[in-house]
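Following: one structure in structure tokens, then a few remarks.
In what follows, chains are A, B, ... by sequence order, proteins preceding strands, each numbered from 1.
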Amino acid sequence: MRFTVRVWRQTGSEDAGRLVEYDVDDVSPDMSFLEMLDVLNERLTLRGEEPVAFDHDCREGICGMCGLTINGVAHGPRRATTTCQLHMREFTDGDTIVVEPWRAAPFPVVRDLVVDRGALDEVVRAGGYVSVSTGSAPEAHATPVARADADKAFESAACIGCGACVAACPNGSAMLFTAAKVTHLGRLPQGAPERDTRALDMLAAHDEAGFGGCTNTGECTAVCPKGIPLADIAQFNQDVLRASLRGAGGRPA
Amino acid sequence: MRYDEGEPLVDRAAPDGPLETRWERARFGTRLVNPANRRRLRVIVVGTGLAGASAAATLGELGYRVSSFCYQDSPRRAHSIAAQGGINAAKNYRNDGDSVYRLFYDTVKGGDFRARESNVYRLAEISTAIIDQCVAQGVPFAREYGGLLDTRSFGGAQVSRTFYARGQTGQQLLLGAYQALSRQIAAGTVTMHPRTEMLDLVVVDGRARGVVIRDLVTGEVSTHTADAVVLATGGYGNVFHLSTNAKGCNATAIWRAHRRGALFANPCYTQIHPTCIPVSGDHQSKLTLMSESLRNDGRVWVPVDPDERRAPGDIPAEDRDYYLERTYPSFGNLVPRDIASRAAKKVCDDGRGVGPGGLGVYLDFADAIDRLGREAVETRYGNLFEMYQRITGEDPYQVPMRIYPAVHYTMGGLWVDYDLQSTIPGLFVIGEANFSDHGANRLGASALMQGLADGYFVLPNTIAGYLADGPFPEVTDAHPDLVAARSDVEERVRRLLSVEGDRTVDSFHRELGSLLWDHCGMERTEEGLRHALERIPELRAEFWRRVRVPGSGEGLNQSLERAGRVADFLELAELLCLDALHRTESCGGHFRAESQTPDGEALRRDDEFAYVAAWEYTGTGTPPLLRRESLTFEHVEPTQRSYQ
């Protein structure tokens with residue numbers, strides 16, 4: 001297969017950046033999208049040009065490190081698939097493919113297709129955990145958890161933190177990411193004592209990091225490689241409302 | 001390459017007395033650090049996988065001042081996240097005869113009698129507290145309808161002791177540890193340094209006192225000092241280029257520490273997993289594991305005739321060789337990992353492999369679909385079938401899967417004593433990066449258990465005994481040892497960039513990988529190992545003569561990152577092969593063709609090889625010293641396994 005790949009090149013946050021066109025031939029349909037970029041990079045290196053920087057690690061769809069906007073869609077054309085699990089057989093021979101980094105104000109470009117997603121970690125630090133120090137846990141069977149709750153918590157906990165939801169959202173909102181963690185922990189008895197403060201604190205951190213608000217466009221869930229449902233955002237909003245009505249303040253800073 | 005015999009090695013921290021109370025007595029014997037003093041003690045933790053994140057979080061909770069480093073953009077991404085199967089714990093919730101002692105026994109035996117009894121017993125003992133801790137953190141383990149935790153039997157175990165969260169147990173456990181770490185970062189006890197890479201260890205007056213770090217975004221090289229250093233940087237499976245490890249997994253931190261004096265133990269103990277998706281071409285960048293559970297219902301076969309041209313569905317039963325069922329009638333497709341792997345290699349070496357390059361065997365679900373119906377098969381394996389289909393473009397409901405073994409885990413690593421301290425005082429090593437608990441072969445669902453045991457429960461206790469002597473004298477940036485370590489790293493970066501040769505970093509990595517896979521993979525022979533040992537130094541020399549690393553040392557340069565890692569793999573590979581050559585017995589993941597039973601089983605030679613081979617660095621290309629730590633078994637009597 002042969003492709004024309006237009007790749008976003010940007011040397012750093014100061015640089016304006018531009019799309020640069022490359023012809024990539026001898027592509028096997030069995031290559032993953034990232035392997036196609038590997039091939040391009042090998043050729044650029046031998047030609048004395050700088051290879052394209054992109055983030056990736058596990059290459060099996062679970063670490064959340066990779067993430068490219070491909071032809072305008074976060075993680076590309078295949079639903080529920082991370083960029084590393086997208087294969088070239090999904091494209092047609094001769095296609096022109098446009099590759100860009102995640103675009104969102106809280107995700108500044110580091111280089112080429114690499115962005116800084118540290119803002120997502122900040123949101124978790126605001127309360128995306130259960131405060132249980134090592135050694136203080138009760139016996140695991142002391143608190144049974146209804147299977148439906150465990151399953152639902154798992155579904156939300158499956159978020160890989162890739163940031164596709166933010167890249168896809170016209171508002172640059174990270175509500176799906178934040179809601180997934182609030183829903184995961186809020187659904188379990190272990191997370192109940194901090195449910196109010198967690199919802200309020202994570203929302204505050206989300207807004208402070210510069211992520212936009214949610215207007216229910218649903219683009220986030222459409223591109224989510226793990227299929228986190230929009231209902232999690234509804235749950236999050238409900239938790240915030242509930243916490244506010246109960247007069248729960250956030251945690252003291 | 002030769003080696004010289006060094007002084008025997010003794011674990012001075014090893015406990016004695018009754019096995020069951022060794023850990024309790026060791027903890028009681030460890031000096032404590034006054035809570036008020038803890039905040040004056042600084043600890044560096046490198047790596048944020050299960051071991052590193054749990055250790056950093058726990059040390060932070062205890063009040064130490066922790067600095068945590070990872071090469072990923074977030075500590076949540078370390079490769080522990082990819083573990084699918086589960087985590088073992090001796091809870092005996094099933095009342096099926098499990099116990100701490102049985103988990104201990106199975107682990108020593110599974111490790112083919114090449115691990116320390118004391119360490120393994122402690123691991124089994126701690127396993128239950130790990131489950132409690134993770135549940136309290138909100139890890140969504142699978143549950144039964146009554147609300148209690150579900151378990152399953154895994155990897156041929158006769159008891160059901162594996163806790164799991166669908167096929168994403170590693171992810172959920174890592175997120176639990178990451179969240180605990182996040183809480184400590186917010187509390188100010190842990191300072192997080194993502195997108196940084198440790199390129200050297202700083203040893204001052206015989207103690208590990210810091211690390212040299214390269215900021216992967218700015219390229220800046222800096223030194224960080226502390227009272228103790230903890231390496232939790234994972235295994236070295238990527239020395240083989242293709243493995244199930246993440247692309248970034250590397251051995252640089254442990255290799256640099258080895259060069260600074262930490263002994264490297266049992267490098268030849270590598271685990272090869274039988275059920276991975278085969279290589280599809282030269283572009284292949286990594287291998288993906290398919291859960292071992294597939295062998296419960298899938299039947300493994302290859303065509304009888306090497307020249308078979310028909311599509312698999314058109315090949316009648318009499319022209320198929322169900323070689324595992326034929327050779328191992330009682331265990332059939334469920335033989336242990338190493339046996340299944342070697343058997344696949346053998347039929348492919350005979351020219352009967354299937355798929356591109358003939359490196360694959362069929363894993364066929366047609367009979368299971370006939371017997372159980374498609375729906376039942378879908379319920380059991382639907383997500384795995386989907387993953388397979390996404391990667392290969394083939395539908396496993398219609399066409400048999402193709403699988404082939406791949407490097408998955410490394411049991412070897414830096415030598416540590418019972419306190420998890422290396423031979424450099426103040427340098428602790430935890431998780432896959434150390435060598436300690438799995439012997440020559442790791443049991444399924446035990447990697448997660450060990451990482452979390454080390455990080456949550458062992459290290460935070462044992463490190464206190466060392467830190468009780470601190471804080472140690474301040475090491476300033478101007479200290480000659482610090483300056484020297486930093487300038488070594490800067491010089492190396494300059495050297496990598498200045499070769500400006502005509503070969504890419506990846507081309508060297510690929511060549512090294514296939515050399516190791518061919519000669520130090522599933523089956524090792526003296527001849528093959530000697531060939532590899534001859535070829536590796538040549539390849540290393542060629543690397544430094546011909547490698548091309550584009551770009552500069554300033555700013556993000558992923559080629560430069562890879563170049564440094566491959567340069568270290570080119571050194572480690574030699575030690576790996578040397579260790580494999582010297583160990584002329586077969587044991588666990590190390591199979592020497594010269595040492596097998598008449599049935600083709602691994603033949604251990606306890607009279608000669610019941611020891612840990614710990615290697616001391618003497619210089620690149622100069623003979624290392626072999627330091628032997630002898631292993632004694634007081635509780636589990638070594639036996640020869642058989643699966644016929």
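Using a 4.5 Å cut-off between heavy atoms, Asp38(A) touches chain B through its side chain atoms alone. For Phe141(B), the part sitting under 4.5 Å from any heavy atom of chain A is the backbone (N, CA, C, O) and nothing else. Looking at Val123(A), there are no atoms closer than 4.5 Å to chain B (heavy atoms on both sides), in backbone or side chain. Contacts between Gln72(B) and chain A at a heavy-atom distance below 4.5 Å involve backbone atoms as well as side-chain atoms. If you measure heavy-atom distances from Ser136(A) to chain B, the contacts under 4.5 Å come from the backbone alone. For Asp502(B), the part lying near chain A is the backbone, with the side chain staying farther off; criterion is any non-hydrogen pair under 4.5 Å. The contact between Thr143(A) and chain B is made entirely by backbone atoms, counting heavy-atom distances below 4.5 Å. With a 4.5 Å cut-off on non-hydrogen atoms, Glu144(B) touches chain A through its backbone but not through its side chain. Heavy atoms closer than 4.5 Å to chain A are found in both the backbone and the side chain of Thr58(B). Residue contact with chain B, scored on non-hydrogen atoms closer than 4.5 Å, involves the backbone and the side chain of Val132(A) alike. Only the side chain of Gln84(B) has a heavy atom closer than 4.5 Å to any heavy atom of chain A. Residue contact with chain B, scored on non-hydrogen atoms closer than 4.5 Å, is absent for Val27(A). Interface remark: Asp112(A) contributes no atoms to any contact with chain B (heavy atom separation under 4.5 Å). For chain B, no part of Leu34(A) is nearby; none of its heavy atoms comes within less than 4.5 Å.
Contacts between residues 128-137 of chain B and chain A, defined by a heavy-atom separation under 4.5 Å, are made by Ile131(B), Asp132(B), Gln133(B), Val135(B), Ala136(B), Gln137(B).
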Next item on the list: Assess whether side-chain contact (heavy atoms from CB on, under 4.5 Å) is satisfied between Arg183(B) and Ser131(A), documenting all intermediate values.
Entry: CA-CA 8 Å; Arg183(B) 175 172 161 246; Ser131(A) 298; 3.4 Å; yes
Next item on the list: Begin with the C-alpha distance, continue with both residues' side-chain angles, and end with the deciding distance and a verdict on side-chain contact (heavy atoms from CB on, under 4.5 Å) for Arg390(B) and Arg78(A).
Entry: CA-CA 10 Å; Arg390(B) 196 174 289 156; Arg78(A) 194 174 163 133; 4.0 Å; yes
Next item on the list: Take His283(B) and Glu42(A) through the test side-chain contact (heavy atoms from CB on, under 4.5 Å) and record every step on the way to the result.
Entry: CA-CA 10 Å; His283(B) 56 266; Glu42(A) 287 284 279; over 6 Å; no
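Contact count versus chain B (heavy atoms, under 4.5 Å) is highest, among His141(A), Met31(A), Arg59(A), Arg125(A), for His141(A). The candidate from Ser285(B), Gly176(B), Gly248(B) with the greatest count of non-hydrogen atom pairs under 4.5 Å with chain A is Ser285(B). Contact count against chain B (heavy-atom pairs under 4.5 Å) is highest for Val114(A) among Thr11(A), Val39(A), Val114(A). For the set Ala148(A), Gly161(A), Gly191(A), the count of heavy-atom pairs under 4.5 angstrom toward chain B peaks at Gly161(A). Among the candidates Ala137(A), Ala158(A), Ser133(A), Ser28(A), the residue making the largest number of heavy-atom pairs closer than 4.5 Å to chain B is Ser133(A). Of all the listed residues (Glu50(A), Lys152(A), Glu49(A)), the one sharing the greatest number of non-hydrogen pairs under 4.5 Å with chain B is Glu50(A). Of all the listed residues (Asp506(B), Thr288(B), Leu148(B), Asn557(B)), the one sharing the greatest number of non-hydrogen pairs under 4.5 Å with chain A is Leu148(B). Taking chain B as the reference chain and counting heavy-atom pairs below 4.5 Å, the highest number among Gly12(A), Ala146(A), Pro138(A), Ser156(A) is found for Pro138(A). Interface summary for chain A: among Leu556(B), Leu181(B), Leu174(B), the most heavy-atom pairs under 4.5 angstrom belong to Leu556(B).
A salt bridge does not link Asp55(A) to Lys247(B): none of the charged side-chain nitrogens sits closer than 4.0 Å to a carboxylate oxygen. Look at Arg166(B) and Glu155(A) and you find no salt bridge, because none of the NZ, NE, NH1 or NH2 atoms lies under 4.0 Å from a carboxylate O. Electrostatic pairing of Asp57(A) and Arg77(B) does not count as a salt bridge here, judged by no charged N lying under 4.0 Å from a carboxylate O. Ion pairing of Lys286(B) with Glu60(A) is present here, as a side-chain N (NZ or NE/NH1/NH2) and a carboxylate O approach within less than 4.0 Å.
Of all heavy-atom pairs spanning Cys159(A) and Leu175(B), the tightest one is O-CD1, 4.1 Å. The heavy-atom pair separating Arg76(B) from Ile160(A) by the smallest distance is NH2-C, 3.4 Å. In terms of heavy-atom proximity, Thr134(A) sits nearest to Phe457(B) at CG2-CE2, 3.6 Å. The two residues Gly146(B) and Pro144(A) come nearest to each other via the heavy atoms O-CB, 4.0 Å. Taking each heavy atom of Ser74(B) and Asp121(A) in turn, the nearest pair found is OG-OD1, 2.8 Å. Between Gly138(B) and Val130(A), the shortest heavy-atom distance links the atoms N-CG2, 4.5 Å.
Ile391(B) CD1 to Leu86(A) CG: the interatomic distance, rounded to the nearest 0.5 Å, is 12.0 Å. Separation of atoms CG (Asp116(A)) and CZ (Arg195(B)) is listed at 6.5 Å; rounding is to 0.5 Å. Here the CZ-CG distance, from Arg548(B) to Leu46(A), works out to 7.5 Å after rounding to the nearest 0.5 Å. Distance check: Thr504(B) OG1 to Leu44(A) CG gives 12.0 Å after rounding to the nearest 0.5 Å. To the nearest 0.5 Å, atom OH of residue Tyr129(A) and atom CD1 of residue Ile185(B) are 10.5 Å apart. Expressed to the nearest 0.5 Å, how far CG of Asn245(B) lies from SG of Cys58(A) amounts to 11.0 Å.
Around atom CZ of Arg89(A), more than 12 heavy atoms belonging to other residues, nucleotides or ligands sit under 6.0 Å away. The environment of CG in Asp25(A) is crowded: more than 12 heavy-atom neighbours from other residues, nucleotides or ligands sit within 6.0 Å. Crowding of Glu208(A) atom CD: a count of heavy atoms from other residues, nucleotides or ligands under 6.0 Å not exceeding 12.
Side chain of His56(A) to main chain of Ala246(B): no donor-acceptor pair is present (N/O by atom type, distance under 3.5 Å, no hydrogens or angles). A donor-acceptor contact shorter than 3.5 Å links the side chain of Gln558(B) to the backbone of Phe54(A).
Listed by first then second residue, pairs satisfying salt bridge (Lys or Arg N to Asp or Glu O under 4.0 Å) with a partner in residues 176-189 of chain A read Asp149(A)-Arg187(A), not counting sequence neighbours.
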